[in-house]
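Worksheet for the structure shown next.
Computed from a predicted structure; not experimentally measured. Numbering of ligands and ligand atoms starts at 1, following listing order.
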Amino acid sequence: MAITSLAPEHRQLLADHFGGDLTGPEDSRYDELRRCHNGMIDKKPALLAACRGTADVARGVQFATDEGLEIAVRGGGHSIAGLSLSEGGIVVDLSLMRGVDVDPNARLARVQGGALWSDVNREAHAHGLAVTGGAISTTGVGGYTLGGGLGWLMGTCGLATDNLVEAEVVLADGEIVRASAESHADLFWALRGGGGNFGVVTSFVFALHPIAEVVGGLVAHPIDAAGDLLRFYREFTAHASDDLTVFGALVHAPDGSGLPLAAFVLCHAGQRDVAQREVQPLLEWGEPVMTEVGPMPYPVMNTLLDDGYPRGALNYWKSTFVRGVDDALIDTMVDCFASCPTPMGALLLEPFHGAVTRVDPEATAVPHRDPSYNLLIPTVWTDPADTDANVAWTRETFAATEPFRADGRWLNYYSEDEPDEALRAAYGRNGPRLAEIKRQYDPANVFHVNHNILPAALPT
Ligand SMILES: Cc1cc2nc3c(=O)[nH]c(=O)nc-3n(C[C@H](O)[C@H](O)[C@H](O)COP(=O)(O)OP(=O)(O)OC[C@H]3O[C@@H](n4cnc5c(N)ncnc54)[C@H](O)[C@@H]3O)c2cc1C
């Protein structure tokens with residue numbers, strides 16, 4: 001397919017009033033800069049507009065609408081669906097906007113829209129503070145927070161979006177507003193779970209928590225123990241304290257051997273003595289082949305799984321909330337994992353518990369507040385020749401979970417090919433209100449390269 005590029009005089013129109021970097025197909029760094037985390041994505045924008053600040057973002061949005069160009073917004077570029085790029089359009093790229101400013105007295109962090117969680121962790125930790133970020137540190141703050149944001153600290157602190165206290169947003173008409181509980185409260189509600197539908201968030205203000213150290217790590221067992229391990233996991237996590245988040249995992253050994261393993265991956269955000277006491281049953285269960293658990297700074301905990309998800313690897317993911325972890329689901333997980341075609345493949349159970357579940361389902365746009373488990377199939381591989389086998393296995397495994405599914409699905413994990421029902425499952429009961437707010441703030445659906453909410457029709 002021919003690569004669309006902007007005529008020089010059009011590009012100059014933007015360049016004249018833009019402080020950042022512009023890169024088009026004619027520029028040498030184009031192929032490097034248009035890549036995102038998921039190597040499956042190969043979109044070719046007409047222009048990448050890397051912004052240095054809010055004024056650049058507003059200018060980029062206005063230029064794109066004036067020129068009739070599709071807009072994609074890039075935060076960390078991590079979405080599996082490749083939603084940070086537009087084919088033939090303009091990318092409002094926030095990757096130069098990664099500043100984090102912590103006010104330790106107020107326990108607040110102002111975070112620019114293109115920051116990664118590693119940026120936030122580093123700055124917050126310097127003051128002994130932290131907030132829920134992704135399970136790995138390379139995820140972008142932007143898309144992750146707007147999609148809800150689950151992670152290691154969610155039992156203690158809630159979702160990332162539950163900790164958002166203000167956002168600066170460039171709207172579809174280029175206007176710059178601050179959204180909070182006091183100002184543009186409807187927009188603020190929609191930003192907390194409604195994805196990138198409502199504007200470009202140039203900065204987020206998060207409440208921080210006094211968490212410097214956690215007890216965390218991995219306890220791995222031979223795959224033959226998988227059924228018993230997941231049954232123990234079910235009983236154990238049903239009574240775990242808010243501070244203890246444990247993923248039940250079927251994984252492959254991180255040492256390159258590809259050995260399949262059953263594991264607890266855990267993080268306890270409480271006091272060290274309490275943490276050590278509460279994680280002890282996980283260390284004592286069965287006969288582990290590897291136990292790597294101990295006290296560590298939270299930013300280190302947040303990097304433990306990073307190597308398993310390298311930038312540029314090929315990804316195809318599916319996930320669903322499940323109605324408990326019953327024996328038949330465990331059998332299905334164990335059976336499916338036995339035919340996993342990639343040594344980078346896994347099945348993970350992520351528990352929703354504690355602070356996440358004490359938020360009213362309509363208080364933010366994230367409706368998933370029942371104590372439950374999210375089952376994630378994050379399939380990763382590196383050789384394009386293996387793509388068909390990995391996509392087919394992920395789909396078959398997801399299909400096999402059908403009898404066990406609860407109603408909801410986690411927006412942030414969607415791949416490119418999700419059907420309309422998937423959006424209904426993600427936005428749930430909050431879908432109609434999100435559509436009303438979309439009509440108010442973006443009636444022409446300028447921001448549609450996202451898990452798109454169509455503006456509600458005008459009342460007749
Ligand atoms: C390895 C890996 C691990 C992950 N772990 C977790 C996890 O633990 N928990 C979880 O909840 N999710 C997780 N995710 C999913 C992740 O949250 C989403 O992919 C999320 O979209 C990433 O945000 P981003 O800014 O990097 O994405 P991008 O690809 O840059 O953007 C995704 C969407 O958000 C929009 N967007 C991004 N930034 C902004 C902004 N500042 N203003 C407006 N719109 C914006 C984009 O336009 C696009 O529609 C993981 C993904 C990967 C690949």
| remark: Per-atom filter on ligand 1: closer than 4.0 angstrom to a heavy atom of G196 are 44 (N)
| task | Could you check atom 2 (C) of ligand 1 against the protein and tell me its nearest heavy-atom contact, residue, atom and distance included? | result | W317 CH2, 3.4 Å
| said: Would you say the ring centers of Y233 and F247 fall short of 6.0 Å from each other? | reply: no
| said: Is it the case that the side chain of N163 and the backbone of L159 share a donor-acceptor pair, with hydrogens and angles ignored and the cut-off at 3.5 Å? | reply: yes
| Are R323 and Y373 in a cation-pi contact, defined as NZ or CZ under 6.0 Å from the six-membered ring centre and within 45° of the axis? | no
| task | Under 4.0 Å from a heavy atom of Y309: give me the atoms of ligand 1 that qualify, with their elements. | result | 1 (C)
| request: With atom 8 (O) of ligand 1 as the reference point, say which of G75, S203, A135, G199 has the nearest heavy atom. | output: A135
| Is it true that Y309 and H78 have ring centroids separated by less than 6.0 Å? | no
| query | So is R409 actually on top of Y413's ring, under 6.0 Å and inside 45° of the axis? | reply | no
| query | What is the nearest protein non-hydrogen atom to atom 16 (C) of ligand 1, stated with its residue, atom name and distance? | reply | T139 CG2, 3.8 Å
| query | Which heavy-atom pair separates F18 from L14 by the least distance, and what is that distance? | reply | CB-O, 3.2 Å
| field | Distance-only N or O hit between ligand 1 and Y144, under 3.5 Å | value | yes
| field | Within reach of ligand 1, part of W410 (heavy-atom separation under 4.0 Å) | value | side chain
| said: Quick check on contacts: which atoms of ligand 1 are under 4.0 angstrom from a heavy atom of R74? | reply: 30 (O)
| message | Looking at D93 and R34, is there a salt bridge between them, counting it only when a charged N and a carboxylate O are closer than 4.0 Å? | response | no
| query | What are the atoms of ligand 1, with element, lying closer than 4.0 Å to any heavy atom of L94? | reply | 40 (C), 41 (N)
| field | Ligand-residue contact atoms, ligand 1 with V200, heavy atoms, under 4.0 Å | value | 42 (N), 43 (C)
| said: Nearest non-hydrogen contact with atom 31 (O) of ligand 1 belongs to which option: N374, N450, V73? | reply: V73
| Per-atom contacts of ligand 1 with G77, taking only distances under 4.0 Å to non-hydrogen atoms | 24 (P), 26 (O), 27 (O), 28 (P), 29 (O), 30 (O)
| Centroid-centroid under 6.0 Å between Y414 and H451 rings | yes
| query | Below 3.5 angstrom, do we get any N/O pair linking L146 and ligand 1? | reply | no
| task | Identify the protein heavy atom lying closest to atom 49 (O) of ligand 1, giving its residue, its atom name and the separation to 0.1 Å. | result | V449 O, 3.1 Å
| task | Please confirm whether W393 and Y316 have ring centers closer than 6.0 angstrom. | result | no
| task | Would you check the N or O atoms of H37, main chain and side chain alike, for any that come under 3.5 Å of an N or O of ligand 1? | result | no
| said: Working note: E362 + N430, criterion side chain to side chain donor-acceptor pair (under 3.5 Å); need CA distance, chi angles, decisive distance, verdict. | reply: CA-CA 7 Å; E362 293 175 15; N430 292 325; over 6 Å; no
| note | In terms of its nearest heavy atom to atom 14 (N) of ligand 1, the top option of W152, Y413, Y414 is Y413
| request: Look at atom 19 (O) of ligand 1 and say which protein heavy atom is nearest, naming residue and atom and giving the distance to 0.1 Å. | output: S79 CA, 3.1 Å
| request: Answer yes or no for G195: is there a heavy-atom contact with ligand 1 below 4.0 Å? | output: no
| message | If you take the nearest heavy atom of each of N452, D306, L150, which one is closest to atom 7 (C) of ligand 1? | response | L150
| query | Is the closest side-chain heavy-atom distance between F398 and L375 below 4.5 Å? | reply | no
| note | Between E436 and the options Q440, R439, R433, the side-chain hydrogen bond (donor to acceptor under 3.5 Å, both in side chains) test singles out R439
| query | So which heavy atom in the protein is nearest atom 27 (O) of ligand 1, and how far is it from that ligand atom? | reply | H78 N, 3.5 Å
| note | Judged by heavy atoms only, the candidate from G143, G147, G148, A72 nearest atom 34 (O) of ligand 1 is G143
| request: Inspect the surroundings of CG in D407 and state if more than 12 heavy atoms from other residues, nucleotides or ligands are less than 6.0 Å away. | output: no
| field | For atom 24 (P) of ligand 1, the protein heavy atom that lies nearest, with its residue and separation | value | G76 N, 3.4 Å
| task | Report the nearest protein non-hydrogen atom to atom 18 (C) of ligand 1: residue, atom name, distance rounded to 0.1 Å. | result | N412 O, 3.7 Å
| task | State plainly whether the residues K438 and D442 are in salt-bridge range, i.e. N to O under 4.0 Å. | result | yes
| In terms of residue, atom name and distance, what is the protein heavy atom nearest to atom 42 (N) of ligand 1? | V201 N, 2.8 Å
| query | Which of these, Y144, W152, F204, sits in a ring-ring contact (aromatic ring centres under 6.0 Å, His included) with W117? | reply | Y144
| field | Under 4.0 Å to a heavy atom of I80 - the qualifying atoms of ligand 1, by number | value | 53 (C)
